[in-house]
Amino acid sequence: MAEKRPPRAMGPGNEEFWQGCARGELLIQKCGNCGHRPWPVVQTCEQCGSDKLAFEKVSGNGKLASWCTFERPYYGDLMPVPYDTILVELDEGPWFISNPSGFANTDAELGMPVKVTFLDCEDSHGEFRLPVFERA
Amino acid sequence: MSDAGMTPMPPSLREYSRRASIVGVGETDYHKDYQAERKRAEGYEPPTVDDLCKLAFDRAMADAGLKPGDIDALAMHYTFGGPDPDEMASYLGITPEKAWVNGHIFAGPLPNIVGRIMSGEVKTVAMIFGIGNRSAGRQFGGNTYGAGMAGPSSYYYFHPWGWSSQAAHWAMMAQRYFAKFGKREEDLGHVPMVVRQHASTNDNAIMQKPFTIDEYMASRYIVRPLHLYDICLVNDGAVCLIVTAADRARDMVKVPVDVAGWSESYITQDKFKVMVDERLRPQIQSAGNEALAMAGLSLDDIGQFEGYDVASIHLVNQLEGFGFTPDGTGIDFCIDGQMTLGGRIPTNIAGGNMSDNYMQGWGQVPEIVRQLRGEAGSRQIAGLNASLSAMTQTDCVHPVIYTRGD
Ligand SMILES: [Zn+2]
């Protein structure tokens with residue numbers, strides 16, 4: 001059953017990102033001018049200002065860079081506390097906020113290898129698949 | 001940038017140094033107002049932003065020994081809105097030639113006013129910051145702002161993962177710091193504990209009761225690994241600074257406090273990496289060095305630091321970033337007594353944002369003025385000549401250096 005989640009950011013670029021997730025692909029923009037990979041979605045490259053940005057599938061592999069656990073219910077019943085969030089350093093460069101899957105922050109270690117997996121979710125925009133990370 | 005609308009600053013040039021001075025300061029009754037707001041006695045109405053601004057203004061004017069006719073410009077600063085500046089002027093009983101909204105947080109407003117004084121646009125300015133966030137029930141995080149506002153570097157982007165609070169930024173930094181440098185929660189706890197000890201000497205501080213490391217560890221988490229005590233307060237209040245040209249300031253009753261240096265630096269890309277891994281070190285270093293060069297000072301000349309302790313770990317980041325102690329040693333520096341009276345750099349000596357008040361960077365300027373004048377009583381730093389403030393957010397830093405003007 002799809003897990004209810006707070007709403008995604010939509011709009012230009014974001015639809016493409018979420019369509020990738022629906023196919024089980026983690027897409028990150030890449031600048032056609034300087035090669036920089038920004039995250040989250042931007043309209044112009046944060047490094048060189050170019051708008052030649054195209055989504056590219058990344059490996060989905062990375063290392064655990066940090067983590068924290070929410071203890072206050074910022075989202076009411078939508079995200080019952082406590083819940084874990086993580087920061088993943090993707091092999092391709094970007095640092096990606098996510099949730100752990102199959103492990104808890106109490107087991108987390110700095111630099112632990114992780115890989116992307118997709119969780120069936122639903123928000124006010126409809127059903128979607130959320131990229132989360134499990135131990136590699 | 002996560003915080004749009006920073007006040008533009010003149011460049012960090014030597015010829016702008018010590019050309020304008022703070023000659024009066026006023027602040028509101030943080031402690032009393034916070035207590036009243038908590039108790040919410042029958043019939044209690046929290047003070048409005050207008051009332052708060054007027055109280056801070058009246059106190060600053062009395063402090064400066066000035067008359068209403070001496071003020072020719074009124075610069076208002078609001079984070080969550082406030083009265084029209086012209087209406088505010090008449091409420092304050094002044095008839096300035098110019099009244100306008102000059103920004104919000106303490107990221108640029110003071111250098112901006114120095115620039116206007118130097119250009120002759122204004123002479124003697126009342127700068128007022130007023131905020132009514134506590135009584136408005138504002139909670140920094142969650143769905144207070146909709147996801148529709150989500151921008152590239154905004155944390156509202158991360159709603160679907162439940163990652164949305166200012167505190168979560170600091171929690172991510174702290175967790176990585178712990179893992180990288182072999183520290184624990186009970187080590188970091190010394191930072192808010194020392195800042196609270198500082199606040200215990202300040203009658204107007206919101207939180208004055210010292211706590212122990214055991215009490216810190218027993219306190220609830222906001223975002224693990226950060227406890228309640230690691231996060232700044234949220235309160236209503238106002239701050240007023242009266243600023244005039246340095247030569248005019250020499251004729252006034254109090255020792256003038258000169259604005260000697262400033263700078264700014266932003267994270268422009270890879271925000272999460274720079275924020276969580278580098279903890280803004282490159283930004284803090286470059287802005288700090290530029291402000292010092294503008295003031296013609298070295299770090300050794302700085303005798304007081306008022307850092308932006310929006311979270312305990314961020315005060316550590318700033319102590320390390322400015323170079324008071326090497327990378328990875330800020331917590332030990334604190335435990336060793338180096339950020340308190342008698343140590344290398346008395347830091348947030350009146351209680352900072354975690355215990356005194358949270359006025360978005362403005363709240364620590366009055367303590368710098370008191371210290372540089374020698375009016376700080378039991379917590380006076382001996383022989384002080386230069387102080388540093390820093391408004392340091394998740395993605396930018398705005399240091400200002402102040403010197404005694406006599
Ligand atoms: Zn580029």
Side-chain angles (χ1 to χ4, degrees), chain A residues 5-11 13-14 18 36-48 64-76 78-89 93-99 105-106 108-111 119 121 123-125 128 130-132, chain B residues 1 139-144 146-182 219-228 231 266-279 313:
Chain A
R5 289 285 176 136
R8 291 164 285 168
M10 302 303 267
N14 292 298
W18 293 113
H36 182 65
R37 292 184 199 263
W39 174 255
V41 173
V42 296
Q43 305 309 318
T44 54
C45 175
E46 53 183 10
Q47 183 161 279
C48 75
L64 201 56
S66 193
W67 55 93
C68 66
T69 301
F70 281 72
E71 303 272 353
R72 283 184 68 187
Y74 288 107
Y75 297 96
L78 213 46
M79 296 291 291
V81 292
Y83 61 89
D84 290 342
T85 62
I86 56 173
L87 183 57
V88 175
E89 181 180 4
W95 287 43
F96 197 97
I97 292 277
S98 189
N99 302 122
N105 279 0
T106 44
E109 278 174 37
L110 192 66
L119 183 69
C121 290
D123 68 4
S124 49
H125 305 289
F128 68 104
L130 183 72
V132 295
Chain B
M1 312 301 136
Q139 192 187 30
F140 293 89
N143 273 322
T144 312
M149 284 181 69
S153 59
S154 161
Y155 56 81
Y156 307 114
Y157 197 89
F158 305 101
H159 281 321
W161 294 276
W163 197 87
S164 175
S165 93
Q166 202 61 29
H169 294 74
W170 320 121
M172 287 286 193
M173 284 183 191
Q175 186 57 62
R176 187 168 173 88
Y177 189 99
F178 291 167
K180 203 163 151 182
F181 298 112
S219 72
R220 64 187 167 90
Y221 288 106
I222 299 297
V223 178
R224 194 184 284 250
L226 297 182
H227 292 258
L228 175 68
I231 304 295
Y266 294 83
I267 296 179
T268 56
Q269 64 180 74
D270 302 314
K271 175 172 170 172
F272 277 95
K273 180 176 164 58
V274 181
M275 186 180 76
V276 177
D277 185 35
E278 300 177 357
R279 294 174 297 119
I313 185 68

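Predicted, not measured: the structure shown is a model, and the values here were computed from it. In the text below, chain A, chain B and the rest are named by the order of the sequence lines, each starting its count at 1.
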Problem - A/P82 versus chain B, the contacting section by heavy-atom distance below 4.5 Å - result: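 Contact with chain B: none, neither part.
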Exercise for the section: Sort A/L119 into side chain, backbone, both or neither according to what part of it lies under 4.5 angstrom from a heavy atom of chain B. Expected result: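 Neither part.
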Exercise for the section: Classify the side-chain pair A/N105/A/T69 by whether it contains a donor and acceptor separated by less than 3.5 Å. Expected result: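 A donor-acceptor contact under 3.5 Å links the two side chains.
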Problem - No-hydrogen, no-angle side-chain donor-acceptor test under 3.5 Å, B/D277 and B/Y177 - result: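 No donor-acceptor contact under 3.5 Å links the two side chains.
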Handout entry: A/R5 bridged to A/D123 by N-O distance under 4.0 Å
Key =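 No, this pair does not count.
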Exercise for the section: Could you tell me whether A/D84 and B/R224 have a side-chain N and a carboxylate O separated by less than 4.0 Å? Expected result: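 Not counted as a salt bridge, because no side-chain N and carboxylate O are separated by less than 4.0 Å.
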Handout entry: When A/V132, A/N14, A/V81 are compared by non-hydrogen pairs under 4.5 Å with chain B, the top option
Key =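 When all of A/V132, A/N14, A/V81 are compared, A/N14 has the most.
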Exercise for the section: Considering only heavy atoms and a distance below 4.5 Å, find which of A/P131, A/P38, A/G13 pairs most often with chain B. Expected result: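 Most pairs with chain B among the choices: A/P131.
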Problem - Ring-ring centroid check A/Y74 B/W163, cutoff 6.0 Å - result: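 No - the distance between ring centres of A/Y74 and B/W163 does not fall below the 6.0 Å cut-off.
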Practice task
Heavy atoms only, distances under 4.5 angstrom: which of B/V276, B/L226, B/D270 has the most pairs with chain A? Name it, please.
Solution key: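 When all of B/V276, B/L226, B/D270 are compared, B/D270 has the most.
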Exercise for the section: Mind ranking B/G162, B/A171, B/A174 by heavy-atom pairs under 4.5 Å with chain A and telling me who comes out on top? Expected result: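 Highest number of pairs under 4.5 Å: B/G162.
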